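Working notes, structure below.
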Amino acid sequence: WSWSLLAALVSPGMAGLRVDFGLLLEPLGFIKVLEWIFSIFAFATCGGFQGETTLLVSCKGVINKTVTAAFAYPFRLNNVVFSAPDPKRCGGTWTDVYLVGNFSSSAQFFVTLAVLAFLYCIAALVVYIGYKHVYLQNSKFPLTDLAITVITAFLWLVSTFAWAKALADIKMSTGASLIPRIESCKAPGTTCRFASVTSMGTLNVSVVFGLLNMVLWGGNIWFVYKDTNLHNQSNRISPSP
């Protein structure tokens with residue numbers, strides 16, 4: 001689309017920047033601004049997360065020692081190991097304990113889509129504000145915009161639900177339910193108690209922004225469609241009352 005737009009901008013009769021910020025008050029421009037803002041929040045709340053889960057371990061020579069496992073985006077939890085309770089590793093009974101699960105594919109899919117949507121919104125806003133006359137005079141631009149909008153709305157649907165499922169699994173893998181899976185905690189004389197895990201409120205918010213982006217992009221399909229020749233043809237074909 002960018003190469004086609006560049007070619008159109010340098011063609012006779014179409015070149016020239018015509019800035020009109022009033023288009024931001026129209027549904028097409030206003031929704032695009034919201035999509036731009038919400039995409040920022042989507043990748044910031046997910047991609048910027050850092051947390052840790054904490055256990056209290058009692059074993060030979062150790063009482064209620066805090067052990068932690070720090071995790072962050074992209075949530076490859078199977079690479080995250082708990083710290084040892086003491087240098088002697090509970091008399092040799094404590095082996096390396098890893099968290100369970102690799103949720104990087106869902107997390108990276110979600111964040112990558114948000115970043116690409118952010119970049120596309122910037123490009124689209126530049127066209128809407130400065131080159132709307134080019135956009136309307138060449139039927140390929142509205143059709144391309146429509147196709148991208150439909151695809152992006154669908155991808156927001158898929159990525160948000162995939163990320164929501166992954167987030168639920170992350171909470172399970174880092175919560176109290178992880179203790180029964182730790183073999184070192186089953187050693188004689190060793191007890192483990194779950195202490196805490198970092199609040200995942202920001203990750204919950206990222207799912208909300210994913211849903212909002214899905215609604216925005218889905219709703220924007222109609223306003224983009226109105227600028228295409230498909231809509232104009234349907235109006236011409238419709239019989240007069």
Side-chain angles (χ1 to χ4, degrees), residues 38-116 118 155-214:
F38 284 12
S39 65
I40 295 174
F41 283 108
F43 69 72
T45 51
C46 179
F49 181 84
Q50 292 183 335
E52 66 178 22
T53 185
T54 305
L55 307 179
L56 294 177
V57 178
S58 297
C59 59
K60 183 178 179 180
V62 176
I63 299 177
N64 286 340
K65 177 67 175 181
T66 299
V67 297
T68 60
F71 58 95
Y73 173 84
F75 305 103
R76 294 187 178 93
L77 300 187
N78 56 335
N79 293 334
V80 177
V81 62
F82 276 96
S83 57
D86 68 326
K88 296 182 179 180
R89 305 177 70 85
C90 291
T93 63
W94 186 271
T95 58
D96 286 341
V97 178
Y98 289 86
L99 295 177
V100 177
N102 183 350
F103 308 100
S104 59
S105 58
S106 297
Q108 290 177 323
F109 180 24
F110 183 82
V111 171
T112 300
L113 176 61
V115 172
L116 292 177
F118 164 78
L155 290 178
W156 273 120
L157 171 66
V158 174
S159 66
T160 299
F161 280 93
W163 168 232
K165 175 60 170 62
L167 178 56
D169 293 338
I170 290 171
K171 292 178 180 178
M172 289 290 294
S173 297
T174 58
S177 60
L178 67 86
I179 292 180
R181 299 194 298 265
I182 301 177
E183 293 299 323
S184 296
C185 292
K186 301 176 183 178
T190 300
T191 59
C192 300
R193 292 188 296 113
F194 180 77
S196 65
V197 64
T198 303
S199 172
M200 299 187 190
T202 55
L203 297 182
N204 293 333
V205 171
S206 71
V207 173
V208 174
F209 277 113
L211 293 173
L212 290 174
N213 274 295
M214 179 186 68

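Numbers here simply count residues along the sequence, with the first being 1. Just so it is clear, the structure is predicted and the values come from calculations on it, not from any experiment.
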Return the minimal non-hydrogen interatomic distance between [X] and [Y], and the atom names on each side.
X	Y	result
Val80	Ala70	CG1-O, 3.1 Å
Asn102	Arg76	OD1-CG, 3.4 Å
Ala42	Ala114	CB-CB, 4.0 Å
Thr198	Gly51	OG1-CA, 3.4 Å

Checking Phe43, Phe209, Phe118 against Phe38 for ring-ring contact (aromatic ring centres under 6.0 Å, His included), the one that qualifies is Phe209
Evaluate the criterion side-chain contact (heavy atoms from CB on, under 4.5 Å) for residue pair Leu55 and Ile182; output intermediate values, then yes/no. CA-CA 11 Å; Leu55 307 179; Ile182 301 177; 3.6 Å; yes
Quick one: does [X]'s side chain get under 4.5 Å of [Y]'s, heavy atoms only?
X	Y	value
Leu203	Phe75	yes
Tyr98	Asn79	no
Leu99	Ser173	no
Val100	Leu77	no
Thr93	Lys60	no

Would you say the side-chain atoms of Thr45 and Thr202 include a donor-acceptor pair closer than 3.5 Å? no
Counting only heavy atoms not in [X] (residues, nucleotides, ligands), do more than 12 fall under 6.0 Å from its [atom1]?
X	atom1	result
Lys165	NZ	no
Phe41	CZ	no
Lys88	NZ	no

side-chain contact (heavy atoms from CB on, under 4.5 Å) between Asp96 and Arg89: does it pass, once the steps are laid out? CA-CA 9 Å; Asp96 286 341; Arg89 305 177 70 85; 2.7 Å; yes
To the nearest 0.5 Å, what is the distance between [atom1] on [X] and [atom2] on [Y]?
X	Y	atom1	atom2	value
Leu155	Leu116	CG	CG	9.5 Å
Leu167	Thr160	CG	OG1	12.0 Å
Asp86	Cys59	CG	SG	5.5 Å
Glu52	Ser83	CD	OG	9.0 Å
Asn64	Ser58	CG	OG	4.0 Å
Ser206	Leu211	OG	CG	9.5 Å

Is Ser177 reaching over with its side chain to a backbone N or O of Met172, donor-acceptor style, under 3.5 angstrom? yes
Could you go through Phe194 and Thr53, starting from their C-alpha distance and side-chain angles, then the distance that decides it, and tell me whether this counts as side-chain contact (heavy atoms from CB on, under 4.5 Å)? CA-CA 9 Å; Phe194 180 77; Thr53 185; 3.4 Å; yes
Given the rule in the side-chain contact (heavy atoms from CB on, under 4.5 Å) test, do Ile170 and Trp163 qualify, once you have shown the distances and angles that lead to the verdict? CA-CA 10 Å; Ile170 290 171; Trp163 168 232; 3.9 Å; yes
Between [X] and [Y], is the ring centroid distance below 6.0 Å?
X	Y	result
Phe49	Tyr73	no
Trp156	Phe161	no
Phe82	Trp94	no

